[in-house]
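Reminder, nothing fancy here: chain letters follow the sequence lines and each chain counts from 1.
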Amino acid sequence: MSSSNQKIKPPKFAKWLLESFCSYDFLSTALWDLEELFLHNVKTKGLTKAKFLYTREVLSIITHLFFKGKSQYSINKTAMLKHSILIFFRNFKRYKSASLINLFGLSVGLASALLIYLWVNDELSMGNFNERDSDRHYQILSSYPTSEGIHTQTHGGTPNPLCDAMNEEFPEVDYAVPVISKHFHQGVLASGETQVTAMPQYVGAGYFNLFPAKFIEGDKTNVLTDKNEVIISEQMAMSLFHSTEGAMGKTVTFKSDRRLDGDYVVSGVFEKPRYGLTQFDIMFSYELFQDRRKDLMNWINGGTQVHLVMNPGVDMDSFNEKIKSFLTTKLDYMTETLYAQRYSDRHLYDKYENGLPVEGRIVYVRLFSLIAIFVLAIASINYMNFSTAKAARRVKEIGVKKAIGAQRKNLILQHFGESMLMSLLSLSIAIVLVLLLLPKFNEVVDKERVLELTPNVIVGFLTITIITGLLSGIYPAIHLSGFRTVVALKGKIAGGSGALWLRKGLVIFQFSISVILIVSVLVIYKQIEYIQTANLGYEKDHIVTFTKDGKLRKDFDSFLSEVKKLPGVINASQMKGILPGRLDYSGGFNWEGDMEDKWKVRFYQIRGGYDLIELLGIEIKEGRNFSRDFPTDKDAMILNQSAIDLIAYENPIGARFFGNRRMHHIIGVVEDFHYQSFREKVGPFVFSLSDNGDHFMVKMQAGTERETLDRIQELHGAFNPDHPFDFKFMDDNYQAVYAVEERITVLSRYFAGVAIAISCLGLLALTAFSTQRRFKEIAIRKVLGSSRLGIISLLSREFIVLVIAAILVALPVGYYLMQNWLNSFAYRINLTPMYFIMASLLMLIMAWLTIMAQTAKSVNINVTESLRAE
Amino acid sequence: MKKVTLGAFEELVLLTAGVLQDNAYGVTIKLELERQLNKKISLGALYSALQRLEEKGWVNSRIGGITEKQGGRRKQYYDITKEGMMALDEVRAMRNSLFDRLPQTAINLLK
């Protein structure tokens with residue numbers, strides 16, 4: 001009974017709202033009516049509707065009675081609120097230019113912070129799939145020792161039988177899901193005449209409890225139960241069957257690795273996830289793979305990702321301890337260690353040390369959050385400085401308010417209210433800015449963010465705005481409300497030296513951050529430029545690569561000799577892997593000499609065709625290139641200088657060298673070249689001949705790429721009609737390795753620009769204000785014969801000193817930060833004083849121009865006019 | 001001095017208050033008006049009309065219905081005053097005289 005009574009009560013918020021607006025007498029009248037109406041509505045329209053109507057009535061009463069005219073029903077608070085808002089807009093109008101500058105600065109600052117918030121929010125939610133078992137989802141990563149420390153395989157490949165073993169031998173594991181991702185062979189899917197390149201993925205049962213998949217056709221709880229089933233992406237269905245419904249139940253032919261070829265029945269069509277960690281077009285069941293590739297199902301061969309769903313409440317630390325050396329129980333010479341990482345962490349913590357995740361992208365998330373905070377702080381400081389500076393003009397207002405009984409609390413509230421109103425105004429401008437800038441921003445960060453008003457985003461935006469309002473209001477509120485009434489009424493307060501110092505300190509802080517940002521931008525830009533233009537030791541321009549599949553796997557020799565005959569082609573060859581970045585590496589090499597743990601040393605290697613070294617323009621230092629004239633070259637190897645340094649042969653040419661389970665002899669030495677990103681040091685490297693490359697490489701004459709590509713495509717079609725011709729420029733592969741750095745450069749440039757602009761805006765407002773206050777002084781000086789230059793230097797000196805102080809503070813900090821960042825590159829530029837001098841000069845010039853814009857104007861004031869008033 | 005006028009909505013409120021006699025307070029006036037006009041009327045609009053009428057002296061407000069149950073809340077009744085009646089009458093007379101002067105042909109259109 002009492003609970004039902006509890007329920008039929010009008011909404012508390014609306015009641016509170018009315019109470020805070022109404023005088024007591026009227027309140028009880030209104031409440032009577034409202035409650036009677038409410039009870040009536042509950043009976044006729046239901047509780048929810050009644051509550052809604054109640055709130056609406058309250059709002060109408062408030063707007064009608066208190067905002068649309070004068071009212072004896074309202075209370076002081078309402079009147080004060082109206083008054084405060086009025087004062088705010090009057091002040092805004094009185095210092096129009098400075099206020100507008102402030103508002104604009106705050107809006108730009110807010111807009112940058114909001115953009116960064118959207119990005120950070122997105123990064124944090126990546127890999128967080130919210131599927132049924134996603135909260136218990138872990139992935140096993142394997143690491144093995146190499147000469148340069150422990151290397152973790154980030155693609156997640158583990159020995160193929162591991163998944164079943166996890167299921168059977170560990171009670172902590174609820175179930176394990178095997179996945180074979182894109183690192184396996186790409187293939188072609190065909191229906192009748194049409195065929196499309198397809199990236200397959202082989203997934204075990206339970207996959208859809210962990211990974212998102214939107215099924216357009218088919219039922220996700222009941223697919224891939226049969227080995228003959230395939231599910232395909234929407235795009236795939238459209239290009240093969242021109243509709244998604246039409247695809248269901250159709251038979252398609254898959255051609256890839258011989259043993260997996262065959263006919264499959266389409267049992268589902270899915271929508272490609274917007275961004276997943278892996279991309280794929282079709283999915284088969286893992287059982288199919290297990291069945292057809294029995295040869296790979298042993299502990300030596302790997303490639304299967306193991307996704308674990310743990311039982312609730314399992315202690316992951318002790319579980320990780322348990323599985324760490326699990327592989328040695330299977331094969332005692334295995335050096336790999338295992339670690340289970342929470343799947344949702346994999347995106348942000350993607351850097352590993354000693355086989356454990358340390359950090360990774362999270363660094364950039366933190367970095368940009370920090371930038372957002374700083375940009376907001378700079379914008380808030382502008383507001384703070386401006387409102388304390390104009391305090392002198394409001395002293396009387398505060399004095400009068402205090403004299404007629406305003407408490408300090410009320411004044412603090414009033415000033416907080418003003419800063420809050422300011423930041424709310426900025427928010428509306430900032431949202432417009434965000435909407436305008438979002439497409440450009442998406443382009444830079446390579447995402448497809450749209451401004452969706454999810455609760456998350458709304459709460460985030462409001463929090464940021466409120467924090468900005470509080471931050472910028474806190475000092476003015478406390479400072480202004482603290483004036484003593486009598487002194488204030490006499491109008492004698494000059495701001496006090498404390499306020500002045502604080503203001504100076506804040507300006508120094510603003511400009512320090514701007515200088516640090518300029519230094520960072522310069523250094524990052526130079527380092528990236530260095531990477532782009534540095535001598536890699538090989539040529540990457542005008543080279544296309546495309547996969548070697550289908551018939552061409554066998555027939556490649558005649559294809560290559562035909563390609564070489566095409567006009568516009570300089571050279572052609574084939575190799576295994578992608579340069580730079582995705583190359584094979586292995587240990588187990590041996591040579592004469594007594595070095596410990598030789599077999600552990602990791603050598604990167606390229607196995608490929610005869611002309612590869614020549615095609616890549618790698619310089620041969622000693623010996624000779626592979627040649628068809630020497631049949632024994634099939635067993636020859638060419639090493640790089642680092643490798644020679646490591647094995648310490650005095651006469652390497654002709655020496656014996658053991659690798660890839662065979663004895664080789666060395667026929668040449670090449671100069672070191674950057675086969676990895678610049679973050680890595682160049683290590684030992686070997687070239688050997690092989691027919692089993694998976695990519696063709698063709699070097700073309702500069703300027704003829706288009707026609708030459710057409711010719712190659714034609715030839716490819718003639719040789720390999722079953723496979724489409726998909727090519728990539730090697731230069732693009734290279735750019736992809738540095739995509740993150742590229743993005744950071746562009747973003748930091750934009751945000752540094754924003755920070756500098758806002759700081760200068762603040763300076764502009766401050767000089768505008770201070771020169772305006774000194775009009776009389778300037779006039780008197782002019783009358784007494786001061787020169788223009790003298791006045792300008794008088795007015796700007798104070799601010800230039802601040803900027804110089806800021807530069808002095810910023811330089812050591814900037815040096816420290818940049819040295820840290822550069823240390824993550826094995827090959828880097830020197831941090832010369834040039835960068836710091838340039839940054840300082842740039843800042844000084846910007847600040848000086850800003851100040852000049854104001855002071856130059858004030859020199860020309862009319863002396864008589866400004867003195868007349870006295 | 002500016003002549004005190006009776007607005008259209010005020011007239012309706014005043015009339016309703018008169019019709020409801022002793023039982024005219026916020027809710028009853030609102031419900032009655034809604035029934036007559038066949039549209040929603042917000043309490044806010046009603047209060048501000050009543051407030052204006054009271055300022056002009058056409059209604060008197062009277063407190064009533066204070067009960068323990070309502071926690072000190074009270075009903076505010078509105079009674080139409082003699083001046084209010086006169087204002088209504090005046091408006092009606094003015095309207096009637098205008099109506100009487102309508103040409104017969106226009107009145108025929110109504111039929």
| How far apart are the C-alpha atoms of A:Leu34 and B:Val27, what are their side-chain angles, what is the distance that settles it, and do they pass the side-chain contact (heavy atoms from CB on, under 4.5 Å) test? | CA-CA 8 Å; A:Leu34 281 168; B:Val27 178; over 6 Å; no
Mark yes when over 12 heavy atoms from residues, nucleotides or ligands other than [X] sit less than 6.0 Å from its [atom1]; otherwise mark no.
X: A:Ile474; atom1: CD1; result: no
X: A:Phe92; atom1: CZ; result: yes
X: B:Arg95; atom1: CZ; result: no
X: B:Arg92; atom1: CZ; result: no

| message | Side chains of B:Leu46 and A:Asp33, heavy atoms from C-beta outward: is any pair under 4.5 Å? | response | no
| note | Of all heavy-atom pairs linking A:Ser60 and B:Gly44, the shortest is OG-N, 3.2 Å
| request: Can you check whether anything in residues 30-37 of chain B gets within less than 4.5 Å of chain A, heavy-atom wise, and list it by number? | output: B:Lys30, B:Leu31
| query | Considering only heavy atoms, which portion of B:Ile29 lies under 4.5 Å from any heavy atom of chain A: side chain, backbone, both, or neither? | reply | neither
| Run the side-chain contact (heavy atoms from CB on, under 4.5 Å) check on B:Ser42 and A:Arg56 step by step: do they pass? | CA-CA 8 Å; B:Ser42 76; A:Arg56 209 174 67 180; over 6 Å; no
